[in-house]
Amino acid sequence: MSEEKSLNFIEEIIEEGIASGKYKTIVTRFPPEPNGYLHMGHATSICLNFGLTKKYPGYTNLRFDDTNPITEDTEYVESIKEDIKWLGFEWKNELYASDYFDELYNYAVQLINKGLAYVDDLTSEEIATYKGTPTQPGKDSPYRNRTVAENLSLFEKMKAGEFEDGSKTLRAKIDMAHTNMLMRDPLIYRIKHAHHHRTGNKWCIYPMYDFAHGQSDSIEHITHSICTLEFIPHRELYDWFIEKLEIYPSHQYEFARRNLSYTVMSKRKLLQLVNEKHVNGWDDPRMPTISGMRRRGFTASSIRKFCDTIGIAKRDNVTDFSLLEFCLREDLNNTALRAMAVLDPIKLVITNYPENATEELLSENGPDEMQGKRTVPFSKELWIEREDFLEVPIKKWFRLAPGASVRLKSAYIVTCTGFDKDAHGNITTIYCTYHPDSKSGGDHSGLTVKGTIHWVSVAHAATAEVRLYDRLFKVENPSNEEGDFKDYINPGSLQIIKAYIEPSLLSASIDKRYQFLRKGYFCVDKESTADKLVFNRTVTLKDTWGGNAKK
RNA sequence: UGGGUUAUGGUGUAAUGGUAGCACAACAGAUUUUGAUUCUGUUUGUCUAGGUUCGAAUCCUGGUAACCCAACCA
């Protein structure tokens, strides 16, 4: 019974390191930039980094990579912390790259002293020109050979605010003809007279990513600095700084970012959707953001399960959204409370049921008996789903049709005796007779039916707004299509309807999940009030009949 | 005509020279007071051409394809 799950390539590296005695414990970090909300791509990284230190001895830091004050904000810091906690992870230390600005400044001075950095006066356009192209070498800046003393003095003045934004930079002195573009004298400090969300106006020079990330890792003694594939070329620079600065040798490892079909997963694109109002904010339930998915009704455990299932590797990928839905349904099926709601109502009248009578029927709250039962009021007039009746039944039709019988869930078997139509040919009312001895739980009618449908008593029904969500994009990979990704937005991704709900749902709670029988999983939206209940459809039930109907 | 990374069913991921496995999806059947759940089964794969070997997804050689790198973003 040794069912051992195989290791991913990072776990292999860790186990080798532990086996060889390179380290006994590991330290990882999750390093978001506080300039946007976390999305499913980040969830993978969070599950990876925090998961590794759950599996192996060690801990994980949360470190905000806040080296660009122009785009960063505390609003994002708060949302990021909330999302990580909600996903079920705890960081050891809450840290900020900005905590290290003094140390980083000193590192820069060290490089200057070693003749490995210089102040450059070239404009950004000139720097780009001097840099060359991937196929052509760059050329040295005319300021490249300033003396150490001159560089020291200039850098000091940069810090003191004596120069305007963009007028000078500090660059590492490496090799302008290097095949790796990142090694062609990369910028390490730039001037930005901007207010920083944590250091205020103390600084007017800020380190670049490459001169902050690796050094921060090193200061924190991160053993495994895990990032995505596009940072592979940065690793050479990462190692170069550590070597020249003679600081703790953290190592960078890269894995392929996880993509999900029918959505986009870049902060830039998500920001566009928000700013151009294609969605209603970062936590719109259609967004692949953690906050959006939480609002939609996804559970943290289903997201963790999903991340665990898709694994990590180094090749480009697009995971089927249906796998995420599978993990969700698997979780919700066990935990969601059952209730009945009719989303597209049509009236059903039981002609032989007594006028003004009401019965309180028992119905199970879920598959687990521990979830108990609730009562549901039943009466002569019911709302049922319009799609559960067909005037002319198709093959293998289990539901209502003239002369056909179905079980009303937790109630009686009814047989259709007729229906009304309006002038446009729309069916307005369905008439049935019920079989009194077929009552759920004590059925001795001897009748058997193939179909069971849900219902809500007209006299007892409450109403709610229900928001039906569908995939945000019409195509699997919007970023790979011709033209703008926004051309592929699914215009029907949100449908708002009014539904009749059973009265027990009046006390639905925002922290619970519900299965509206046969219709899907739903949750209370944050905009819901006592006067106006609002439900979000998290996901439909799996439907193996829909396809058959077309055949 | 530079450098780097990656190629296993429709999708994701295993197999570390020895039976190509698992999950999702799809399809078929059984059970079902949710056409859900549960259970059973089926279809589909090693980028390509050579080579080494008793034996290659794995090692070697040559192709091919995809992705990344020329922000004072991270």
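Lettering follows sequence order; numbering is per chain, from 1. Excluded from the calculations below are hydrogen atoms, water molecules and symmetry mates; all remaining heavy atoms, backbone and side chain alike, are included.
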When you get a sec, tell me which of [options] is the closest nucleotide to the side chain of [X]?
X: Leu323(A); options: A23(B), C69(B), A70(B); value: A23(B)
X: Met208(A); options: U34(B), G12(B), C72(B); value: C72(B)
X: Arg399(A); options: C69(B), G35(B), C73(B); value: G35(B)
X: Thr133(A); options: C72(B), A74(B), A70(B); value: A70(B)
X: Phe231(A); options: G35(B), A14(B), A74(B); value: A74(B)
X: Trp545(A); options: U13(B), A71(B), G35(B); value: G35(B)
X: Thr169(A); options: A74(B), C72(B), U6(B); value: C72(B)
X: Pro134(A); options: C24(B), A74(B), C69(B); value: C69(B)
X: Asp320(A); options: C24(B), G2(B), U33(B); value: C24(B)
X: Ser6(A); options: A14(B), A74(B), G35(B); value: A14(B)

* Asked: Parallel under 30°, tilted from 30 to 60°, perpendicular over 60°: which one fits the rings of Trp383(A) and Tyr500(A)?
  ->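 The arrangement is parallel - the two ring planes meet at less than 30°.
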* Over 60° means perpendicular and under 30° means parallel, so classify the ring planes of Phe522(A) and Phe516(A), tilted if in between. => parallel
How far, in whole Å, is [M] from [N] if one measures between their [atom1] atoms?
N: G41(B); M: G50(B); atom1: P; result: 38 Å
N: C73(B); M: G63(B); atom1: C1'; result: 38 Å
N: A74(B); M: G12(B); atom1: P; result: 31 Å
N: A25(B); M: U38(B); atom1: P; result: 10 Å
N: U42(B); M: U32(B); atom1: C1'; result: 23 Å
N: C72(B); M: U6(B); atom1: P; result: 28 Å
N: U48(B); M: U8(B); atom1: P; result: 11 Å
N: U43(B); M: C67(B); atom1: C1'; result: 31 Å

Heavy atoms under 4.0 Å, any strand shown: does [X] hit a base, just sugar-phosphate, or nothing?
X: Ser410(A); value: base
X: Gly441(A); value: base
X: Val449(A); value: nothing
X: Lys192(A); value: sugar-phosphate
X: Ile310(A); value: sugar-phosphate
X: Leu324(A); value: nothing
X: Thr319(A); value: sugar-phosphate
X: Arg338(A); value: base
X: His213(A); value: nothing
X: Asp316(A); value: sugar-phosphate
X: Phe326(A); value: sugar-phosphate
X: Ile312(A); value: sugar-phosphate
X: Glu325(A); value: nothing
X: Gly311(A); value: nothing

* Using modelled atom types only, decide if a donor and an acceptor are shared between the side chain of Ser363(A) and the backbone of Ser410(A) within a distance under 3.5 Å. =>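 A pair under 3.5 Å: no.
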Hey, is the side chain of [X] poking within less than 4.0 Å of OP1 or OP2 on [N], counting only N and O atoms?
X: Thr67(A); N: A74(B); answer: yes
X: Arg235(A); N: C69(B); answer: no
X: Arg268(A); N: A74(B); answer: no
X: Arg518(A); N: U37(B); answer: no
X: Thr544(A); N: A36(B); answer: yes
X: Arg315(A); N: C67(B); answer: no

* Asked: If you draw a 6.0 Å radius around CD in Glu360(A), do more than 12 non-hydrogen atoms from other residues or ligands fall strictly inside?
  -> yes
* **Heavy-atom neighbours of Lys55(A) NZ exceed 12 at 6.0 Å** =>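 More than 12 heavy atoms, drawn from other residues, nucleotides or ligands, come within 6.0 Å of this atom.
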Tell me the partner of [N], counting only Watson-Crick (N1-N3 plus N6-O4 or O6-N4) or G-U wobble (N1-O2 and O6-N3) with both under 3.5 Å; none if nothing fits.
N: C39(B); result: G29(B)
N: U13(B); result: G21(B)
N: U6(B); result: A65(B)
N: U34(B); result: none
N: A71(B); result: none

* Has the side chain of Gln515(A) got a donor or acceptor atom sitting under 3.5 Å from an opposite partner on the base of U34(B)? -> yes
* To do: Mark yes or no for a side-chain to base donor-acceptor pair under 3.5 Å between His454(A) and A36(B), with no hydrogen or angle criteria applied.
  => no
* Structure fact -> Here the salt bridge (Lys or Arg N to Asp or Glu O under 4.0 Å) pairs for residues 120-137 of chain A, sequence neighbours left out, are Asp120(A)-Arg171(A), Asp121(A)-Arg146(A), Asp121(A)-Lys168(A)
Please give, in whole Å, the distance from [N] [atom2] to [X] [atom1]?
X: Lys409(A); N: U33(B); atom1: NZ; atom2: C1'; answer: 5 Å
X: Lys542(A); N: C39(B); atom1: NZ; atom2: P; answer: 12 Å
X: Lys314(A); N: C67(B); atom1: NZ; atom2: P; answer: 18 Å
X: Arg184(A); N: G2(B); atom1: CZ; atom2: P; answer: 13 Å

* To do: Compare all side-chain heavy atoms of Glu330(A) with those of Phe326(A) and state whether any distance is below 4.5 angstrom.
  => yes
* Could you pick out which residue, Leu408(A) or Glu230(A), lies toward the 5' side of RNA chain B when each is mapped onto its nearest nucleotide? =>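 Its nearest nucleotide lies further toward 5', so the answer is Leu408(A).
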* **Nearest-nucleotide 5' precedence on RNA chain B, Leu7(A) against Asn333(A)** =>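 Nearest-nucleotide comparison on RNA chain B picks Leu7(A).
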* To do: For His454(A) and Arg338(A), test the side chains for any donor-to-acceptor distance below 3.5 angstrom and give the result as yes or no.
  =>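 No.
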* Asked: Checking ring-ring contact (aromatic ring centres under 6.0 Å, His included) against Tyr206(A), which of Phe211(A), Tyr105(A), Tyr189(A), Phe101(A) comes through?
  -> Phe101(A)
* **Gap separating the CG atom of Asn49(A) from the CG atom of Asn61(A), nearest 0.5 angstrom** => 10.5 Å
